[in-house]
Every structure is written in structure tokens, then in C-alpha cells.
Amino acid sequence: MANSRFEYVKQFETHDKLLPDCYIVVRVDGKKFHEFSKYYEFRKPNDERALKLMNACAKNVVIKYKTDMILAFGESDEYTFILKKDTALFNRRSDKIATLLGSLFTSNYVFLWNKFFPDTPLNLKHLPYFDSRCVLYPNLPIVKDYLSWRYVDTHINNLYNTAFWELIQKCGMTPQESEQRLCGTLSSEKQEILFKDCGINYNDEPEMFKKGSLITRKGEILHIDVIKKLDELFEGF
């Protein structure tokens, strides 16, 4: 581009460069997905189509940047991408990494929508979009704790949501009654309520619902106990 007397305005641009030798975790999260899922009538407590769509989008992101990726993990309307500590992706610029991974994920979501929801076209006034942020972690033990946190969060949220919606759909409770029934209950008690009141053995629920989805650098989509596999997953990193 030719120089001009107006080029001085570039001096006002700032670029936050992420610290070297730290792991970069990028979390992509659906914006107002409660409203989005309600508009498109996602199945409750889990919509397998929507989860598989998220997985397909994340897989494409991982494959695109596989030389910089360790793995990705997703649940519900969020996905985490864990980058190597020595990655030089986009010169480690926080704004570039966050916006480009977020926009790539979103464009994949729109492009692949019809594959998973062939009878439900997207409405221009109700389009999906995601926010994205970068977080730095200084060492591998903390990265492992981060991934364990998201994995445990998957179990806690899914168990509650499964019990909440099954009490409504199978037992005829109102949302307020279901919430009150579950208030203060432990995980074991929620599983007992599901079994006795709804005839559902939580252990038989799909692994993707209970454990989330982990994507390897090779693009394999796994539904595993992440905590038991931490050392294996991060071997060599």
C-alpha cells in the first residue's frame, strides 16, 4: 500500500502479545444460546444434532491449526482449544488468535447447520454467534486442572439438566416444581430421583452427554473420562 500523510493513524493501534513459554487456552462460547436454542426448538435436556454440529465445527478448527494444537474439549455451547506453549500462531497476538478462531468456528457453524438441521433453515434475525477469549496458563499441571474443571462441569451440568427436564417431561412437573425438587440434592440423590421417578439409569445415558467431547490433533472425537487420561493426553507437551 502506498504511503500517505494519513498513515500516522496506525500509531494508535495496539496489539497485546501473549507471554512466551505459556500455554494458550482459547475458549469459544455461544452468545445468548439459551434464546437461540429456544427459537430453533433444541431437544431437552440434550440435542444430539446440536452437539454433533459443535463437534464438527471444532474438528475443522483443530485440523486447520493442528500443528499448534494439543487438543480441544467441548460441552453444550462452548469449546476450549489448548495450544502448545511454544506456538507462534499469529505471532501470539491475543486479538488475532481470539477473533480468528472465534470467527472460523462461527462460519463453520453456519455452513454446516443444514447438514445437522436439514429441515430447519437459519433465520437472518436469529443467527448463531460466539465470543472468544485467550487465557494464559504457565505450566502443564494448571492446564490439566483447567481441563479437569471443564470436564467436571460437564458432568454436573448434564446431571442437573437431565433430572430437571425429565421431571418436567415424564413426571408432568412445572419448571418451578422441578427446580424445587432438585434444590439442595447431591449427585447421588439426583441419580436416585432419575431412576425412581423417571425410570432412567443415568449410567446408560450417552457418553457424549455425560463426558463431553474431546478432539485430538488428528481430528478424532472421543467421549472419555478426561481426568483418568490426563497424562496420556498431554504426553510430550
Peer 1: Rounded to the nearest 0.5 Å, what separates atom CG in Asp21 from atom NZ in Lys85?
Peer 2: 5.0 Å
Peer 1: Is it the case that one hydrophobic cluster holds both Val143 and Ile224, taking links as side-chain heavy atoms less than 4.5 Å apart, direct or via other members?
Peer 2: yes
Peer 1: Could you walk me through whether Val61 and Tyr79 satisfy the side-chain contact (heavy atoms from CB on, under 4.5 Å) test, starting with their C-alpha distance in whole Å, then the side-chain angles of each, then the deciding distance to 0.1 Å, before giving a yes or no?
Peer 2: CA-CA 11 Å; Val61 174; Tyr79 240 101; over 6 Å; no
Peer 1: Could you give the distance from CG (Asn123) to NE2 (His126), rounded to the nearest 0.5 Å?
Peer 2: 5.0 Å
Peer 1: Using modelled atom types and a 3.5 Å cut-off, is there a donor and acceptor pairing between side-chain atoms of Thr185 and backbone atoms of Leu182?
Peer 2: yes
Peer 1: Counting only heavy atoms not in Lys144 (residues, nucleotides, ligands), do more than 12 fall under 6.0 Å from its NZ?
Peer 2: yes
Peer 1: Where the side chain of Lys190 meets the backbone of Phe164, is there a donor-acceptor pair that is under 3.5 Å apart?
Peer 2: no
Peer 1: How long is the gap from CG on Leu194 to CD on Glu205, to the nearest 0.5 Å?
Peer 2: 7.5 Å
Peer 1: Hey, mind stepping through Ser213 and Glu75 against side-chain contact (heavy atoms from CB on, under 4.5 Å) and telling me if it holds?
Peer 2: CA-CA 7 Å; Ser213 299; Glu75 59 157 322; over 6 Å; no
Peer 1: Decide if the gap between the ring center of Phe36 and the ring center of Tyr129 is smaller than 6.0 angstrom.
Peer 2: no
Peer 1: Just by distance, do the side chain of Gln169 and the backbone of Lys44 share a donor-acceptor pair under 3.5 Å?
Peer 2: yes
Peer 1: I want to check something: taking the side chain as every heavy atom from C-beta on, are Asn158 and Pro45 in contact at a cut-off of under 4.5 Å?
Peer 2: no
Peer 1: Are Met69 and Val226 connected in a single hydrophobic cluster, I mean Ile/Leu/Val/Met/Phe/Trp/Tyr linked by side-chain heavy atoms less than 4.5 Å apart?
Peer 2: no
Peer 1: So, do Thr106 and Lys31 sit near enough that their side-chain heavy atoms are less than 4.5 Å apart?
Peer 2: no
Peer 1: Under 3.5 Å, is there a donor-acceptor pair between the side chain of His155 and the main chain of Lys211?
Peer 2: no
Peer 1: Roughly how far, to the nearest 0.5 Å, is CD1 of Ile70 from OH of Tyr23?
Peer 2: 5.5 Å
Peer 1: Can you name the closest pair of heavy atoms from Cys171 and Cys198 and give their distance?
Peer 2: SG-SG, 3.8 Å
Peer 1: How about CD on Glu207, more than 12 heavy atoms from neighbouring residues, nucleotides or ligands closer than 6.0 Å, or not?
Peer 2: yes
Peer 1: Going by atom types alone, do Asn157 and Asn161 pair a side-chain donor with an acceptor below 3.5 Å?
Peer 2: no
Peer 1: Can you confirm whether or not the ring centre of Tyr202 sits under 6.0 Å from the ring centre of Phe209?
Peer 2: no
Peer 1: Would you give the length of the straight line joining atom CZ of Arg92 to atom CG of Asp86, rounded to the nearest 0.5 angstrom?
Peer 2: 8.0 Å
Peer 1: With distance as the sole test, does Glu232 use its side chain to make a donor-acceptor pair with the main-chain N or O of Lys229 at under 3.5 Å?
Peer 2: no
Peer 1: Just wondering, are more than 12 heavy atoms of other shown residues or ligands nearer than 6.0 Å to CD in Gln180?
Peer 2: no
Peer 1: Has Glu48 got more than 12 heavy atoms of other residues, nucleotides or ligands less than 6.0 Å from its CD?
Peer 2: no
Peer 1: Are the aromatic rings of Tyr146 and Tyr137 close, with centres under 6.0 Å apart?
Peer 2: yes
Peer 1: Parallel, tilted or perpendicular, judged at 30° and 60°: which one describes the rings of Trp113 and Tyr109?
Peer 2: tilted
Peer 1: So Phe33 and Pro128, do their side chains get closer than 4.5 Å, heavy atoms only?
Peer 2: yes
Peer 1: Are the side chain of Thr162 and the backbone N or O of Leu159 linked by a donor-acceptor pair below 3.5 Å?
Peer 2: no
Peer 1: Is Leu230 close to Ser148 at the side-chain level, that is, under 4.5 Å between some pair of heavy atoms?
Peer 2: yes
Peer 1: Asp153 side chain to Trp149 main-chain N or O, any donor-acceptor pair under 3.5 Å?
Peer 2: no
Peer 1: Under 3.5 Å, side chain of Asn91 to main-chain N/O of Arg93, donor-acceptor pair present?
Peer 2: no
Peer 1: Show the numbers, then the answer: is there a salt bridge (Lys or Arg N to Asp or Glu O under 4.0 Å) between Asp197 and Lys170?
Peer 2: CA-CA 9 Å; Asp197 295 7; Lys170 290 196 173 180; over 6 Å; no
Peer 1: Counting only heavy atoms not in Phe111 (residues, nucleotides, ligands), do more than 12 fall under 6.0 Å from its CZ?
Peer 2: no
Peer 1: Checking the side chain of Arg49 only, and the main-chain atoms of Phe116 only, is there a donor and an acceptor separated by less than 3.5 Å?
Peer 2: no
Peer 1: Quick check: does any side chain N or O of Glu13 sit under 3.5 Å from a backbone N or O of Lys10, one acting as donor and the other as acceptor?
Peer 2: no
Peer 1: Measuring only between side-chain heavy atoms, which start at C-beta, is Phe117 closer than 4.5 Å to Asp47?
Peer 2: yes
Peer 1: If we ignore angles and hydrogens, is there a donor and acceptor under 3.5 Å between the side chains of Tyr65 and Thr87?
Peer 2: no
Peer 1: Would a 4.5 Å heavy-atom cut-off, applied to side chains only, mark Asn60 and Leu112 as touching?
Peer 2: yes
Peer 1: Applying the side-chain contact (heavy atoms from CB on, under 4.5 Å) test to Leu71, which of Thr216, Val62, Leu214 qualifies?
Peer 2: Leu214
Peer 1: Do Phe234 and Leu147 come close enough that some side-chain heavy atom pair is under 4.5 Å?
Peer 2: yes
Peer 1: Check whether more than 12 heavy atoms from other residues, nucleotides or ligands sit under 6.0 Å from atom NZ of Lys84, and answer yes or no.
Peer 2: yes
Peer 1: I'd like to check Ile24 versus Leu136 (side-chain heavy atoms, cut-off strictly below 4.5 Å). Are they in contact?
Peer 2: yes
Peer 1: What distance do Ile221 atom CD1 and Met54 atom CE have between them, rounded to the nearest 0.5 Å?
Peer 2: 12.0 Å
Peer 1: Quick one, Lys17 with Phe90, criterion side-chain contact (heavy atoms from CB on, under 4.5 Å). Give me CA distance, side-chain angles, the key distance, then yes/no.
Peer 2: CA-CA 10 Å; Lys17 193 171 181 179; Phe90 304 124; over 6 Å; no
